[in-house]
Every structure is written in C-alpha cells, then in structure tokens.
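Everything below concerns the one structure shown next.
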Amino acid sequence: MDKKAGVSLSLKFVMGLVIAIMAIWVLFAVVNKFIIWGSGKTDSQINFFNELNEKIKALGINQQETQIFELNDNYLLIAFNNKDVKINIKDLEIYSGNKVSIDETIKKLSQYENALCICKTKSSRYLFEDDCLQPEDICVESEKGIMNNNEQFFLFGKGVYNLDISKSSDKINIKYE
C-alpha cells in the first residue's frame, strides 16, 4: 500500500509541475509580446515626417505628389531656407472665441542650410523662438529650399492636412489645405 501511495503522489507532483511550467511559459510569452509592442512603437508624427521626406526625395523635377499629414498638438512642421523663419499666424483661436495673432521668429539649427524639421513645441497654442532647438526635434537636410508658394512653409496646430508637393529646378513647393 505504501508503494501505491508513493507512485500516486509523485505522479500528481510531476503533473502539477508540468502544468505550472507550461502556465509560466505562456505567461512569459504573452508579457514579452506586450513589452516588445509597447517599446517598439514609433511616434505617428515621425512616420508621417519620414513618409514626406521619402516622397520629396523620390520626386523628379516638374512632378507632383500628394500626402495626407496628421499633425498632433505640440508639433510644428517647418522648413528652414538659409535663415530663421518668421511665422505670422493671424486670428488663432485661443479659447472660446478669443483670438490672437502670433508673430514669432523660430531659430534654425546652424548645421543645415535648407532643412525640413518636425519639432515638439512647448505649447499647443504659442510658438517660441527655440522650439526647434530641442534634442528630440528631427531635421532632414534638403537639396533645395522648401516653400509654400512664395511664403515660408510651416504647419502648426492639430489637424489633418492634404499636402500637394511639387519640385521645380530651384525649389520644392508644398501647398496644403
């Protein structure tokens, strides 16, 4: 009788041990996937920015391309052409109908002659001159100046923009709606 009790006890122990190991293995596999998914996510702003730069590089002279660009709060998409950019935004609604005009000069990074940058701003309503000088801001050098017709190109304010991109022999033109 002692022999049967020992075999039955060790069989239960082994079965419980196997089930526990399988449960722990499944738990680690599930947790690991969530950790990888969470850490591997890139910011959607960077994805839109990279797509825009790829389209500009692939564009030939006198060709046109379009792109949807979604800009989140506290982001500024801006082109620098050999100098700092003076931004004038008229009648920006601050809250409940109150409107102001913004007039700010955004400083450019000195290592670029012409560049397209996506910058994380300090405020979703105002711009500051050093908004594009932060370490997390991303700039890509451009072979030509980037304009919005004959104005400085920039996007500021949360929204979805339809960009019309064209390249001529002397500039890149990005119009938006």
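Positions are given from 1, in the same order as the sequence printed here.
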Taking all atoms of both residues into account, what is the closest heavy-atom pair of [X] and [Y], and its distance?
| X | Y | result |
| --- | --- | --- |
| Q67 | L52 | OE1-CA, 3.0 Å |
| C119 | I78 | SG-CG2, 4.3 Å |
| N81 | G145 | OD1-CA, 3.1 Å |
| C132 | L76 | SG-CD2, 4.1 Å |
| N72 | S44 | ND2-OG, 3.8 Å |

Checklist outcome for this item: Taken in chain and number order and not counting sequence neighbours, the residues that satisfy side-chain hydrogen bond (donor to acceptor under 3.5 Å, both in side chains) with N62 are none
Checklist entry - Who pairs with T105 by side-chain hydrogen bond (donor to acceptor under 3.5 Å, both in side chains), at least two apart in sequence or on another chain? => result none
Checklist outcome for this item: Hits for salt bridge (Lys or Arg N to Asp or Glu O under 4.0 Å) against K107, two or more places apart or cross-chain, chain-then-number order -> D84
Checklist outcome for this item: salt bridge (Lys or Arg N to Asp or Glu O under 4.0 Å) filter on D130, not counting sequence neighbours, yields K122
Next on the checklist: Once disulfide bond (SG atoms under 2.5 Å apart) is applied, what residue pairs with a partner in residues 133-177 remain, sequence neighbours excluded?
Outcome noted: C117-C139
Checklist entry - What residue pairs, at least two apart or across chains, pass disulfide bond (SG atoms under 2.5 Å apart) with a residue in residues 140-177? => result none
Checklist entry - ring pair (Phe, Tyr, Trp, His ring centres under 6.0 Å) with Y176: which residues, sequence neighbours excluded? => result Y161
Just by distance, do the side chain of [X] and the backbone of [Y] share a donor-acceptor pair under 3.5 Å?
| X | Y | result |
| --- | --- | --- |
| E129 | I106 | no |
| Q45 | E70 | yes |
| D137 | Q134 | yes |
| E54 | E51 | no |
| K144 | S168 | yes |

Checklist entry - Should I19 and L27 be counted in the same cluster of Ile, Leu, Val, Met, Phe, Trp and Tyr side chains packed under 4.5 Å apart? => result no
Next on the checklist: Assigning hydrophobic clusters by single linkage (Ile, Leu, Val, Met, Phe, Trp, Tyr; side-chain heavy-atom cutoff under 4.5 Å), is L59 placed with V140?
Outcome noted: yes
Item to check | Exceeds 12 heavy-atom contacts within 6.0 angstrom, atom NZ of K158 | outcome: no
Item to check | Interatomic spacing from CG in D170 to CD1 in I61 - rounded to 0.5 Å | outcome: 9.5 Å
Checklist entry - Excluding sequence neighbours, so at least two apart, what forms side chain to side chain contact (heavy atoms under 4.5 Å, CB included) with S142? => result N114, I146, I172
Checklist outcome for this item: Those residues at least two apart in sequence (or on a different chain) that pass side chain to side chain contact (heavy atoms under 4.5 Å, CB included) with E143 are K167
Checklist entry - Should N53 and L116 be marked as a side-chain contact (heavy atoms from CB on, under 4.5 Å) after you check the CA-CA gap, both sets of side-chain angles, and the distance that decides it? => result CA-CA 8 Å; N53 279 304; L116 183 63; 3.7 Å; yes
Next on the checklist: With side-chain contact (heavy atoms from CB on, under 4.5 Å) as the criterion, how do T66 and I165 come out once you've worked through the C-alpha distance, each side chain's angles and the decisive distance to 0.1 Å?
Outcome noted: CA-CA 6 Å; T66 60; I165 310 154; over 6 Å; no
Item to check | Pairs flagged by ring pair (Phe, Tyr, Trp, His ring centres under 6.0 Å) wherever residues 47-80 is involved - sequence neighbours left out | outcome: F48-F69
Expected list for residues 148-155: side-chain donor-acceptor pairs under 3.5 angstrom, two or more places apart:
residue	atom	partner	partner atom	Å
N149	OD1	N173	ND2	3.4
N150	OD1	K171	NZ	3.2

Checklist entry - Stepwise, does the side-chain contact (heavy atoms from CB on, under 4.5 Å) test hold for K175 with L163? => result CA-CA 6 Å; K175 296 183 283 186; L163 304 179; over 6 Å; no
Checklist entry - Between I56 and I174, is a side-chain contact (heavy atoms from CB on, under 4.5 Å) present by the stated rule, with each step listed? => result CA-CA 10 Å; I56 289 171; I174 302 177; 4.1 Å; yes
Checklist entry - Other than V160, which residues form its hydrophobic cluster under the rule that side-chain heavy atoms must be closer than 4.5 Å? => result I68
